Trainee: 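Here's a structure for you.
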Amino acid sequence: MGKRFYITTAIDYTNGAPHLGHAYEKVVTDVIARAHRAMGEEVFFVTGLDEHGQKVQQAAAAEGKDPMTYCDELALQWLALAKDLGLSNDDFIRTTEARHKAVVHAILSKLHASGDLYSQPYQGWYSVKEETFLTEKDRNPNGSWDPKWGQVIPLTEENWYFRMARHQDWLVAHIEANPSFIAPACRRNEVLGFLRSEKLADLCISRPASRLSWGIPLPFAPDWVTYVWFDALTNYVTVAADHGDPAVLHPLGLPAPASPMAQPPLALWPADIHVIGKDIIKFHAVYWPIMLHAAGLPLPLQILTHGWWQKDGQKLSKSTGNVVDPIAVIRDWGLDAFRYYVLRELAIGPDGNWTDEGFQSRYNAELANGLGNLLNRAVNMLNKYRDGIVPAPSDELAPDASRAVENTSQLLRQNDLQGALVAIWDLVSRANLYVEQTQPFKLAKDSAQAPRLDQVLYNLVESCRILAILLAPFLPDTSRRILGQLGIPAPAHPHVWPLTAWGGLQRGHKVAAPQPLFPRKDLKPMA
RNA sequence: GCCAGGGUAGCUCAGCGGUAGAGCAGGGGACUCAUAAGCCCUUGGUCGGGAGUUCGAUUCUCCCCCCUGGCACCA
């Protein structure tokens, strides 16, 4: 039972419909998962939903539904998104599942027993209308409360807290000793910056059940439910526990689960990468490591933080209609066009800007004119001049192909998906240039040049075959379609990287008919 | 306010001591296998402002201006 490469997305909070940001994070994670599979690793990729909490409770009530029904209905929408995005996830976690409650209870019980949790009254100003405590920051400069809060009353409430401050020095040391723990580096610096300058406050981990019923009760104090942290973050170990991972079961004192999911048991924990958005970095780079440390569990190896998307230089906003609907883009342009644009346009880290013009420009220039046209002209010429029969191998472009494979592999290992696509397109450009330099359409007119034409055609279709393999993690469907046109069946297993070796196409092999991969589209405003 | 990172061709960015580069966009050309795609050539910048160090600064130092991100419950 070898340790699998375990990668997660953040779980999404189900108080609305999915948008570009959600879709982006999932695509990034999917590509990394597929890349590791391609390069020979056993991978476990999980995404899911965070379904508890006040907003869900309120949204359900507003629709006259009980929360579980509300969550079940929304979950269908999110499962559909995962399918539409072509995700290769191995599990899908929902925090309302029984398997999750068991693990949350186990962690909380362990921390309670070890004295890491304590209860304490909190007194503050409470908005009855909004059902939330207010702070001095919510107060108007003149000391009054904004009318939007309605009636504001002083309220005392007992809650449970998690001792964090005593782990602060340990965490700083851990981050310093593990430079790749928080990526990219600018995020690491930010986390170190505030960890060094501010003393961590203990974390309030509960809400009275009387005020928030939609949650997991504290195992040692059922009049409270656990509040977000131990509920949402714990999902990552829930999945491992549910698949029978002893690295989680033993420290938490959990029995091996009876579920079929745990047969055979998998070794998942610790996670290799948590992919998250920059907005939740403190939870993943500060709270989560401390929670795990206190519970005696190993830490994830990397918190990989991506940026946010804007549209036309403006913040995405439902109220102003400045949104990108990933489902609509996929419907109109195809899944791989969507995946390509978000991966190629934005490196993992900085914020990005979606423009319809940019999308169409990359679609036409890079997918249609670059990759698609290369395949089309290569397959077309082989059909036209050699009845689709592959000639004897020739290795004129082998060094270029192997450079592309080498660069792509290296960049993928660094999670530089954007850089890897650039490296792959270097080969696309090289092969297109090769056509101009060798002019096979002229060679075809002179029977004395037949041997030379054979060489050129082989180099072209073989380059296309290697491109299909390199693209498999990024554009799985396109990869299959290229192989299809080359008359090659889809690989039987995901560990395809050995197929990047030059010379895979055999003499005498018959390719299929050419068909445009990405039909060119006229530039016009997107629907 | 504090911390960090930036301000270089129309756009996105690389360069970081020896008087500027790429991709895209714009302009021109030869070709024709191809999704009128691809290929070749090309216009275009007092490198945010000022001072200093230096034989010499886009590159180093200082000051100023502007932008972005972070500063503890938004992917």
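Values below: all heavy atoms of this structure, side chains included; hydrogens, waters and symmetry mates excluded. Quick caveat: nothing in here was measured; it's all calculated off a predicted structure. Quick note on labels: first sequence line is chain A, next is B, and so on, each numbered from 1.
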Trainee: Quick one: label A:Arg207 by what it contacts on the DNA or RNA (base, sugar-phosphate, nothing), any heavy atom closer than 4.0 Å.
Mentor: base

Trainee: State the pairing partner of B:C74; accept Watson-Crick or G-U wobble contacts with both distances under 3.5 Å, and report none otherwise.
Mentor: none

Trainee: Taking the C1' atom of each, how far is B:G48 from B:A57, in whole Å?
Mentor: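 Approximately 16 Å lies between the C1' atom of B:G48 and that of B:A57.
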
Trainee: Rounded to the Å, how far apart are A:Asn353 CG and B:C13 C1'?
Mentor: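 Spelled out: CG on A:Asn353 to C1' on B:C13 is 14 Å.
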
Trainee: Going by purine N1 to pyrimidine N3 plus the second Watson-Crick contact, or the G-U wobble pair, all under 3.5 Å, which nucleotide sits opposite B:G69?
Mentor: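 By the stated definition (distances under 3.5 Å), B:C3 pairs with B:G69.
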
Trainee: Please tell me which of the listed nucleotides, B:A72, B:A34, B:U32, lies nearest to the side chain of A:Val286?
Mentor: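 Nearest to the side-chain atoms of A:Val286, counting from C-beta on, is B:A72.
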
Trainee: So if I apply the ring-ring contact (aromatic ring centres under 6.0 Å, His included) rule between A:Tyr24 and each of A:Phe338, A:Trp308, A:Trp309, A:Tyr341, which one comes out positive?
Mentor: A:Trp309

Trainee: Please tell me whether A:Phe162 and A:Trp229 form a close aromatic pair, meaning their ring centres lie under 6.0 Å apart.
Mentor: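 Ring-ring flag for A:Phe162/A:Trp229: false, centres at least 6.0 Å apart.
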
Trainee: Classify A:Gly372 by what it touches in the nucleic acid, base, sugar-phosphate, or nothing, heavy-atom distance under 4.0 Å.
Mentor: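 Contact class for A:Gly372: base.
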
Trainee: Verify whether one side chain among A:His274 and A:Trp288 offers a donor that lies under 3.5 Å from an acceptor in the other.
Mentor: yes

Trainee: Paired with B:U54: which nucleotide, if any, by Watson-Crick or G-U wobble criteria at under 3.5 Å for both distances?
Mentor: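 The answer is none; no pair meets the criterion.
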
Trainee: With C1' as the reference atom in both, quote the distance from B:A4 to B:G10 in angstrom, rounded to an integer.
Mentor: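 After rounding to an integer number of Å, I get 30 Å for this pair.
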
Trainee: What is the nucleic acid contact for A:Leu375, judged by heavy atoms within less than 4.0 Å: base, sugar-phosphate only, or nothing?
Mentor: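 Counting heavy atoms under 4.0 Å across all strands, no contact is made by A:Leu375.
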
Trainee: On the side chain of A:Asn373, is there an atom forming a donor-acceptor pair with the base of B:A34 - under 3.5 Å, no angle test?
Mentor: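 Counting by modelled atom types and ignoring angles, a donor-acceptor contact under 3.5 Å is found here.
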
Trainee: Identify which nucleotide among B:C33, B:G69, B:U35 has an atom closest to any side-chain atom of A:Lys278, counting heavy atoms from C-beta outward.
Mentor: B:G69

Trainee: If you assign A:Ile276 and A:Leu433 each to the RNA chain B nucleotide with the nearest heavy atom, which residue ends up on the more 5' nucleotide?
Mentor: A:Leu433

Trainee: Taking B:C31 as the reference, what is the distance to B:U12 when you measure between their P atoms (whole Å, please)?
Mentor: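 Taking atom P in both B:U12 and B:C31, they lie 38 Å apart.
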
Trainee: How far does the P atom of B:A25 sit from the matching atom of B:G38, given to the nearest Å?
Mentor: 8 Å

Trainee: Any strand is fair game: report the nucleotide pairing with B:C39 by Watson-Crick or G-U wobble, both distances under 3.5 Å, or none.
Mentor: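 Its partner is B:G29 (Watson-Crick or G-U wobble, both distances under 3.5 Å).
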
Trainee: Indicate, with a heavy-atom threshold strictly under 4.0 Å, whether A:Glu198 touches base, sugar-phosphate, or nothing.
Mentor: base

Trainee: Measure NZ/A:Lys55 against P/B:C74 and give the value in whole Å, please.
Mentor: 8 Å

Trainee: For A:Gln439 and B:C40, give me the distance from atom CD to atom C1', rounded to whole Å.
Mentor: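 Result: 12 Å.
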
Trainee: Name the nucleic acid region contacted by A:Arg362, choosing base, sugar-phosphate or nothing; use a 4.0 angstrom heavy-atom cut-off, strictly under.
Mentor: nothing

Trainee: Quick check on side-chain hydrogen bond (donor to acceptor under 3.5 Å, both in side chains): which of A:Asp272, A:Asn415, A:Asn178 does A:Gln302 satisfy it with?
Mentor: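 Single side-chain hydrogen bond (donor to acceptor under 3.5 Å, both in side chains) partner of A:Gln302 among A:Asp272, A:Asn415, A:Asn178: A:Asn415.
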
Trainee: Does A:Arg520 place a side-chain N or O at less than 4.0 Å from the phosphate oxygens OP1/OP2 of B:A37?
Mentor: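 Yes, such a contact exists.
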
Trainee: Side-chain N or O of A:Asn380 less than 4.0 angstrom from OP1 or OP2 on B:C33?
Mentor: no

Trainee: Could you tell me whether the side chains of A:Ser206 and A:Asn159 share a donor-acceptor contact shorter than 3.5 Å?
Mentor: yes

Trainee: For the pair made of CZ in A:Phe283 and P in B:G70, what is the distance, rounded to whole Å?
Mentor: 13 Å

Trainee: Within the 4.0 Å heavy-atom criterion, would you say A:Tyr385 contacts the bases, only the backbone, or no part of the nucleic acid?
Mentor: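 The residue A:Tyr385 makes sugar-phosphate contact but no base contact.
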
Trainee: Looking only at side-chain N and O atoms, does A:Glu396 offer a donor or acceptor that is under 3.5 Å from a partner on A:Tyr434?
Mentor: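 Yes.
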
Trainee: Could you report the tightest heavy-atom contact between A:Thr305 and A:Lys278, atom names first, then the distance?
Mentor: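 The answer is CG2-CA, 3.3 Å.
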
Trainee: So A:Ala368, base contact, sugar-phosphate only, or nothing? Heavy-atom distance under 4.0 Å.
Mentor: base

Trainee: Whole angstroms only, please: what is the CD1-C1' distance between A:Ile281 and B:C73?
Mentor: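 My rounded result for the distance is 15 Å.
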
Trainee: Assuming nearest nucleotide by heavy-atom distance, tell me which of A:Asn376 and A:Asn432 is located more 5' along RNA chain B.
Mentor: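 Here A:Asn376 is the residue nearer the 5' end.
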
Trainee: So does A:Lys384 get a side-chain nitrogen or oxygen closer than 4.0 Å to the phosphate oxygens (OP1/OP2) of B:A34?
Mentor: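 For A:Lys384, the contact criterion (side-chain N or O under 4.0 Å from OP1 or OP2 of B:A34) is met.
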
Trainee: I want to check one thing: is the phosphate of B:C71, taken as OP1 and OP2, less than 4.0 Å away from some side-chain N or O of A:Lys282?
Mentor: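 A:Lys282 to B:C71 OP1/OP2: side-chain N or O found under 4.0 Å.
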
Trainee: With sugar-phosphate meaning primed atoms plus P, OP1 and OP2, does A:Leu374 contact a base, only sugar-phosphate, or nothing at under 4.0 Å between heavy atoms?
Mentor: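 Contact class for A:Leu374: none.
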
Trainee: Using the P atom as the point on both nucleotides, what is the distance between B:G1 and B:C63, in whole Å?
Mentor: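 Here B:C63 and B:G1 have their P atoms 16 Å from each other.
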
Trainee: A:Phe194 CZ to B:C73 C1': how many Å, rounded?
Mentor: 13 Å

Trainee: Report yes or no: do A:Arg520 and A:Asn373 form a side-chain donor-acceptor pair below 3.5 Å?
Mentor: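 Distance-only check fails for A:Arg520 and A:Asn373.
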
Trainee: Would you please indicate if the ring centroids of A:Tyr340 and A:Trp425 are separated by under 6.0 Å?
Mentor: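 Centroid separation for A:Tyr340 and A:Trp425: below 6.0 Å.
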
Trainee: Taking the C1' atom of each, how far is B:G17 from B:G28, in whole Å?
Mentor: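 The same atom, C1', in both gives a distance of 38 Å.
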
Trainee: Could you check which of B:C33, B:U35, B:G69 has an atom nearest any side-chain atom of A:Glu190?
Mentor: B:G69

Trainee: Rounded to the Å, how far apart are A:Ile11 CD1 and B:C73 C1'?
Mentor: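 So the two atoms are 14 Å apart, to the nearest Å.
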
Trainee: Can you tell me the pairing partner of B:G23 across any strand shown, Watson-Crick or G-U wobble, with both distances under 3.5 angstrom?
Mentor: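 Pairing partner: B:C11.
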
Trainee: Which whole number of Å gives the distance between the C1' atom of B:A30 and that of B:C41?
Mentor: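 Each nucleotide's C1' atom is 10 Å from the other's.
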
Trainee: Using atom C1' of each nucleotide, how far apart are B:U58 and B:G50 to the nearest Å?
Mentor: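 The same atom, C1', in both gives a distance of 16 Å.
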
Trainee: Write down the distance between CG (A:Asn369) and C1' (B:A36), rounded to a whole number of angstrom.
Mentor: 10 Å

Trainee: Looking for any heavy atom pair under 4.0 Å, which part of the strands does A:Pro440 touch: base, sugar-phosphate only, or nothing?
Mentor: nothing

Trainee: So A:Gly21, base contact, sugar-phosphate only, or nothing? Heavy-atom distance under 4.0 Å.
Mentor: base

Trainee: The side chain of A:Met381 lies closest to which of these nucleotides: B:G69, B:C33, B:U35?
Mentor: B:C33

